[in-house]
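First up is the structure itself, then whatever we jot down about it.
All ligand and atom numbering here is 1-based and tracks the order in the structure. Starting from 1, each residue takes its place in the sequence as its number.
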Amino acid sequence: MSIAFVLGTRPELIKTAPVMHELARRGEPFEIVHTGQHYTSSLDGTFFRELDLPPPRINLRIGSLPPAHQVAAMLAGLADTFTAAKPDAIVVQGDTNSVLAGALAAHKLGIPVAHLEAGLRSDDWTMPEEGNRVLAGRLAAVHFCPTVLQRERLRAEGIVRGVYVVGNTVVDACLALAQRATVSSTVRSTVDIEKEPFALVTLHRASNVDTAPRLEQLLDALVSFSRSLALKLVFPVHPRTRDKIRAFHLESQLARPEFRILEPVGYRDMLALMRHATLVLTDSGGAQEEACILHVPCVTLRPNTERPETVTVGANVLCESTDPAQLLEAARSVMARPRHWPNPFGDGRTSARVVDVLTGTNTRWQPSGHA
Ligand code: UD1
Ligand code: UDP
């Protein structure tokens, strides 16, 4: 079976890499179809090199467009690519616009879709990713759920066939590199991760960075927080956030001494930073999972999460508020807990289970995932 991985962004590269490595190990053919949603080298090329991924069969170079135009352009480009390449199946991962376009293009051409990280739900329809997840779930024939929670969410939506609880490939990715992760000289020249206590910050959700008042209040709250706990804020800034900071004239906020500002870092650097951080402050999905896996307390700067397991095991606390006192309270509560919560996302062998299913070792492909 020839499998095409349709992907476009940093987390999709990180989380599909272990599956591709497992296919390669078994001598199974696959190829990458890149939408070009992410194109800046620190979000894209860095990860191809670091994760040792083969070059894509094609990069559609769609780039940054208004969301509907971006999905439309991807849809057309992917339909042409699938028509020429005739993959037997496609794999998508997560909840980005590339996932929606990939699943929809394949569905239109009658090509079965396997969805990694299926069944996650925030129940927050203001989030662009929620629509992408739900629609990809409707279109997919095979659903790889990280935990039983997602299987139950899919069941509640009438999706019961082709559903596999396999863990999350982020564990495979993270464990493969975490112990060997050493920081690069660039990061080392910015922060002494062994000596200087710090919180690792990432921010890129539309709800946090796309409006000036919210972004400004968040940056202010982070600075107050840093002063209260004498923790520096190591902040690799996502290009979306960098662009918004520039557009809203907030550069002086980042120049404050509490921040150690970095360009987006590679995965080894990220894991090394995380392992040494006192705390993670984030709105990233992947960072919530990795903090949980690496036993680093996490505050998620959102009102909800599609990763509630991280909260249930005690690794993560939600904080939507930009009131410094509430942020401090959230951080103190999670930092006070013993750091030996169980990892809900699996044993690091998720990619082997996924490949068993994809190659039919485990079961046959189902024609439809719906009851
Ligand atoms: C996208 C995903 C989000 C995912 C994130 C991972 C959607 C709706 N959003 O968000 O779910 O968590 O990727 O990082 O699919 N930009 C660059 N260089 C790039 C890419 C983006 O400068 O390589 C800037 C551009 O200003 C662009 C903005 O970032 O307009 C947003 O990019 P986009 O891909 O639309 O969304 P992300 O915020 O990256
Ligand atoms: N990440 C990284 N370098 C950074 C920031 C994040 O390698 O500078 C990794 C992070 O460890 C996680 C993934 O990127 O594996 C998360 O990506 P992002 O936050 O962009 O997307 P999300 O997970 O929210 O969809």
Side-chain angles (χ1 to χ4, degrees), residues 7-18 34-47 50-51 59 61-71 74 92-102 117 120 122 127-133 136 168-174 177-178 181 183-184 186-187 200-210 234-247 261-275 277 280 282-294 296 298 300-302 305-307:
L7 46 78
T9 70
R10 168 172 72 188
E12 294 162 74
L13 290 170
I14 292 170
K15 289 174 170 176
T16 54
H34 199 316
T35 62
Q37 180 171 349
H38 282 178
Y39 45 88
T40 301
S41 64
S42 60
L43 296 189
D44 184 50
T46 299
F47 291 90
E50 204 176 17
L51 301 170
N59 187 327
R61 303 201 184 284
I62 303 298
S64 303
L65 291 170
H69 291 264
Q70 189 182 49
V71 172
M74 288 176 186
V92 291
Q93 194 288 330
D95 53 22
T96 66
N97 288 346
S98 298
V99 170
L100 174 60
E117 215 171 64
L120 276 69
S122 67
M127 223 186 154
E129 291 83 359
E130 186 71 357
N132 293 340
R133 291 179 194 116
N168 194 313
T169 58
V170 73
V171 184
D172 311 27
C174 180
L177 283 193
V183 285
S184 63
T186 322
V187 171
L200 178 62
V201 177
T202 83
L203 280 181
H204 74 286
R205 282 291 148 228
S207 56
N208 278 335
V209 306
D210 281 8
V234 175
F235 185 8
V237 184
H238 191 286
R240 179 188 198 114
T241 310
R242 178 78 79 175
D243 286 355
K244 296 296 177 186
I245 285 170
R246 207 174 291 129
I261 298 301
L262 295 166
E263 289 301 309
V265 296
Y267 198 43
R268 274 174 204 269
D269 276 348
M270 185 66 183
L271 293 175
L273 284 169
M274 200 175 279
R275 277 202 301 143
V280 172
T282 192
D283 60 12
S284 157
Q288 288 175 66
E289 293 158 350
E290 288 154 355
C292 181
I293 294 160
L294 298 175
V296 183
C298 179
T300 295
L301 304 164
R302 289 175 42 192
T305 179
E306 54 294 311
R307 277 109 174 146

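Interatomic distance, Glu117 CD to Asp95 CG, rounded to the nearest 0.5 Å: 7.0 Å. The structure places OG1 of Thr305 at 3.5 Å from CD of Gln288, a figure rounded to the nearest 0.5 Å. Annotation: the span from Ile14 atom CD1 to Glu290 atom CD amounts to 6.5 Å, rounded to 0.5 Å. Interatomic distance, NE2 of His38 versus CD of Glu12, reported as 8.0 Å (0.5 Å rounding).
Ranking the protein heavy atoms by distance from atom 18 (N) of ligand 1 puts Thr40 OG1, 2.7 Å first. For atom 37 (P) of ligand 1, the nearest protein heavy atom (residue, atom name, distance) is Arg240 NH1, 3.6 Å. Nearest protein heavy-atom contact of atom 16 (N) of ligand 1 is Tyr39 OH, 3.6 Å. Summary of contacts: the protein heavy atom closest to atom 7 (C) of ligand 1 is Gln37 NE2, 3.6 Å. Protein heavy atom at the shortest distance from atom 25 (C) of ligand 1 is Ser64 OG, 3.5 Å. The shortest contact between atom 22 (O) of ligand 1 and any protein heavy atom is with Pro239 CB, 3.2 Å. For atom 20 (C) of ligand 1, the nearest non-hydrogen atom of the protein is His38 CD2, 3.4 Å. Looking from atom 8 (C) of ligand 1 to the surrounding protein, the closest heavy atom is Asn97 OD1, 3.4 Å.
At under 3.5 Å, not a single nitrogen or oxygen of Thr9, backbone or side chain, sits near a nitrogen or oxygen of ligand 1. Of the polar atoms of Thr96, none of the N or O atoms is found under 3.5 Å from an N or O of ligand 1, judged by distance alone. The shortest N or O to N or O distance between Glu129 and ligand 1 is under 3.5 Å. For ligand 1, the polar-atom distance check against Asp243 finds a nitrogen or oxygen pair separated by under 3.5 Å.
In this structure Thr169 satisfies the side chain to side chain donor-acceptor pair (under 3.5 Å) test with no other residue, sequence neighbours excluded.
Every protein residue with a heavy atom nearer than 4.0 Å to ligand 2 is included here: Arg10, Pro11, Ile14, Phe47, His204, Arg205, Pro236, Pro264, Val265, Gly266, Tyr267, Met270, Ser284, Gly285, Gly286, Glu290.
For ligand 1 and His204, the ligand atoms under 4.0 Å from any heavy atom of the residue are 4 (C), 5 (C), 6 (C), 12 (O).
Residue-ligand proximity: His238 is placed with a non-hydrogen atom under 4.0 Å from ligand 1.
Ionic pairing of Asp243 and Arg240 is not present here: no N-O contact between side-chain nitrogen and carboxylate oxygen is shorter than 4.0 angstrom.
One side chain, Ser122 or Glu130, offers a donor N or O that lies under 3.5 Å from an acceptor on the other.
Heavy atoms of Arg242 found under 4.0 angstrom from ligand 1: none, in either backbone or side chain. Residue contacts with ligand 1, taken as heavy atom pairs separated by less than 4.0 Å, involve Pro11 solely via side-chain atoms from C-beta onward.
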